[in-house]
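Convention: sequence-line order gives letters A, B, ...; per-chain numbering from 1. None of the values given here were measured: they were computed from a predicted structure.
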Number of protein chains: 2
Amino acid sequence: MTRQELIQEMRRLGIRVTAQRLAVAEVMLSSYDHPAAPAVYERVQAHLPHITMSTVYNTIQVLAKGGFIQPLSFPDGTRYDANPSPHANLVCVQCRAIVDAMDDEGWVGRLREQVTGKGGFQVMSQRVDFYGVCPKCAAKGVS
Amino acid sequence: MTRQELIQEMRRLGIRVTAQRLAVAEVMLSSYDHPAAPAVYERVQAHLPHITMSTVYNTIQVLAKGGFIQPLSFPDGTRYDANPSPHANLVCVQCRAIVDAMDDEGWVGRLREQVTGKGGFQVMSQRVDFYGVCPKCAAKGVS
DNA sequence: TTTACTGCAAAGGGTTTGCATGAGG
DNA sequence: CCTCATGCAAACCCTTTGCAGTAAA
C-alpha cells in the first residue's frame, strides 16, 4: 500500500490525516513483528521526534476502529497485527516473538466457516494464537 | 471432577491445598462463562466471605501454572477458561459473553496439527477466539 | 517444625483522559 | 472558521508485591 493509497483510504473512512497518524500507520503496516505501543512509539520517533505516547495510543485506536490493525491483548500489554487475512499467530512464550503462521491451505478460514452459522453467532473477526517455543529459543535453551 | 479428585490432583502437582484454593478451583471448574477475577471473587465469597482479591489472584496463578485454567487476556481484563480440550471461543463484542464453540469434528485440533511441525515451532497450547454478536444481542440491537 | 499461604495495604505499569493549544478540511 | 488532533500531565484500573501473622504437611 503506497502512501497515497493510505491517505485516500484514511480519508474514505473519515479519518483526519495528520503527519503523526501517517507515521504511525506506515510503521504499523510495515512491521511484521506485531509490535506493542512502546515499540511503535520508538520507531515513529525516528521520523517524528516530537510525537508523544498519547498520540500513538490515540492513533492506534483510530487505526483499529478503521480496520487497519487488530489488537492482540496479552498479560504484559497489547500487540498489534497488521495482517488483514485470516491467519494464525505463533507466539513464543520465552522471547515473546510473534510471527504469522503459514496457512496456505486456508485452515483458519475453514474453521471460521465451521463456526459461522452454528447457533446464530455472527462472526466478525477472529484471533488464532498458538503458544510455544520458537526455533531460536529451542536452540538456546536445551530443555 | 469430584472434590477428592481435585485435592489429589492438586497434591500431585505439589500445590498446597487450602480452603481458599479449593473454593476458587471449584468455582473455576464449575463456571462455563469464562469469568474474570472479580467475578470469581464474588462467587467464592458465597462460600468464604473472608477471602481477599490477593488470594484469588494468587490462586488463579497457581491454577494456571498447574494447567487447570487458561488465562484469556482482553483489553478490559483477563477471563479464565477451564475447558482443557482444544476448542474455539465465541466472544460477543457487545455483552462480553464468552461461550465455547461446538467443535465436534475437532477442527481446532486439526488446525493445530497443521501448524505443528512447520518451521520447527513447538506448540504447547492455543487460543482460538471468534468475535462477533451473540444471538441475544442480535435480537436486541436490530442492526 | 518448617515451609509457604493468607490478608491487608500500598505500589506497579500499560493505557486512558482532561484540557489548552494548534492544525486539518 | 469550525471541528478535531496533539501534547502534557495526571488519573485509572486491574493486577502484583511486601510484610506480619497463620495454617498446611
Side-chain angles (χ1 to χ4, degrees), chain A residues 3-4 6-28 34-42 44-45 47-66 68-80 96 98, chain B residues 3-4 6-25 27-28 34-42 44-45 47-66 68-80 96:
Chain A
R3 179 186 295 250
Q4 283 311 316
L6 176 60
I7 293 176
Q8 285 182 14
E9 185 66 9
M10 288 175 72
R11 279 209 233 275
R12 196 181 65 79
L13 293 170
I15 298 174
R16 187 174 287 189
V17 177
T18 68
Q20 290 88 338
R21 289 183 173 177
L22 261 184
V24 171
E26 290 189 320
V27 164
M28 281 291 193
H34 308 70
V40 174
Y41 175 60
E42 282 181 15
V44 171
Q45 273 189 321
H47 301 84
L48 290 177
H50 202 61
I51 197 172
T52 62
M53 278 296 279
S54 304
T55 300
V56 171
Y57 275 111
N58 176 324
T59 303
I60 282 174
Q61 284 187 325
V62 170
L63 293 178
K65 208 162 294 181
F68 289 95
I69 57 178
Q70 181 188 17
L72 302 175
S73 285
F74 288 96
D76 55 346
T78 305
R79 308 279 290 264
Y80 299 93
R96 315 257 68 197
I98 304 178
Chain B
R3 179 186 295 250
Q4 283 310 317
L6 175 59
I7 293 176
Q8 285 181 14
E9 186 66 10
M10 287 175 74
R11 278 208 234 275
R12 195 181 66 78
L13 292 171
I15 299 174
R16 187 172 288 191
V17 177
T18 67
Q20 290 88 338
R21 288 183 173 177
L22 261 184
V24 171
V27 163
M28 280 292 192
H34 307 71
V40 174
Y41 175 60
E42 282 180 15
V44 171
Q45 272 188 320
H47 301 84
L48 290 178
H50 203 61
I51 198 173
T52 62
M53 279 296 278
S54 304
T55 299
V56 171
Y57 274 112
N58 175 323
T59 303
I60 283 174
Q61 283 187 329
V62 170
L63 294 177
K65 210 162 292 180
F68 289 96
I69 57 177
Q70 181 187 17
L72 302 175
S73 284
F74 287 96
D76 55 348
T78 304
R79 307 280 289 264
Y80 298 94
R96 314 259 69 197

In B:Thr55, B:Leu48, B:Val56, the residue satisfying side chain to side chain contact (heavy atoms under 4.5 Å, CB included) with B:Thr52 is B:Thr55
Which residue, B:Thr59, B:Ile60, B:Val44, forms the side chain to side chain contact (heavy atoms under 4.5 Å, CB included) with B:Met28? B:Ile60
Tell me, with the steps shown, if A:Gln61 and A:Tyr57 meet side-chain hydrogen bond (donor to acceptor under 3.5 Å, both in side chains). CA-CA 6 Å; A:Gln61 284 187 325; A:Tyr57 275 111; over 6 Å; no
Nearest-nucleotide pick for B:Ile51, side chain only, options being D:dG7, D:dA5, C:dG7: C:dG7
Heavy-atom side-chain proximity of A:Tyr80 to A:Leu72 below 4.5 angstrom: no
Output the rounded distance in Å from [atom1] ([X]) to [atom2] ([N]).
{"X": "B:Arg12", "N": "D:dA25", "atom1": "CZ", "atom2": "C1'", "answer": "19 Å"}
{"X": "B:Ile60", "N": "C:dC5", "atom1": "CD1", "atom2": "P", "answer": "16 Å"}
{"X": "B:Leu22", "N": "C:dT6", "atom1": "CG", "atom2": "C1'", "answer": "15 Å"}
{"X": "B:Leu13", "N": "C:dC5", "atom1": "CG", "atom2": "P", "answer": "13 Å"}
{"X": "B:Leu48", "N": "D:dA23", "atom1": "CG", "atom2": "C1'", "answer": "14 Å"}
{"X": "A:Tyr41", "N": "C:dT15", "atom1": "OH", "atom2": "C1'", "answer": "15 Å"}

If every non-hydrogen atom of A:Glu26 is compared with every non-hydrogen atom of A:Arg3, which pair is closest and at what distance? OE1-NH2, 3.3 Å
State, to 0.1 Å, how close A:Gly66 and A:Leu13 come at their nearest heavy-atom pair, and which atoms those are. O-CD1, 3.6 Å
Enter the distance from B:Met53:CE to B:Glu42:CD here, rounded to the nearest 0.5 Å. 9.5 Å
Determine, for nucleotides 13-20 of chain D in 5'-to-3' order, which nucleotides have protein heavy atoms under 4.0 Å from the base (write B), from only the sugar-phosphate (write S), or from neither (write -). -SBBB---
Along nucleotides 20-25 of chain C, 5' to 3', which nucleotides get a B, which get an S, and which get a -, given that the test is a protein heavy-atom distance under 4.0 Å? ---BBS
Kindly write out the residues that satisfy side-chain hydrogen bond (donor to acceptor under 3.5 Å, both in side chains) with A:Gln8, not counting sequence neighbours, or none if the list is empty. none
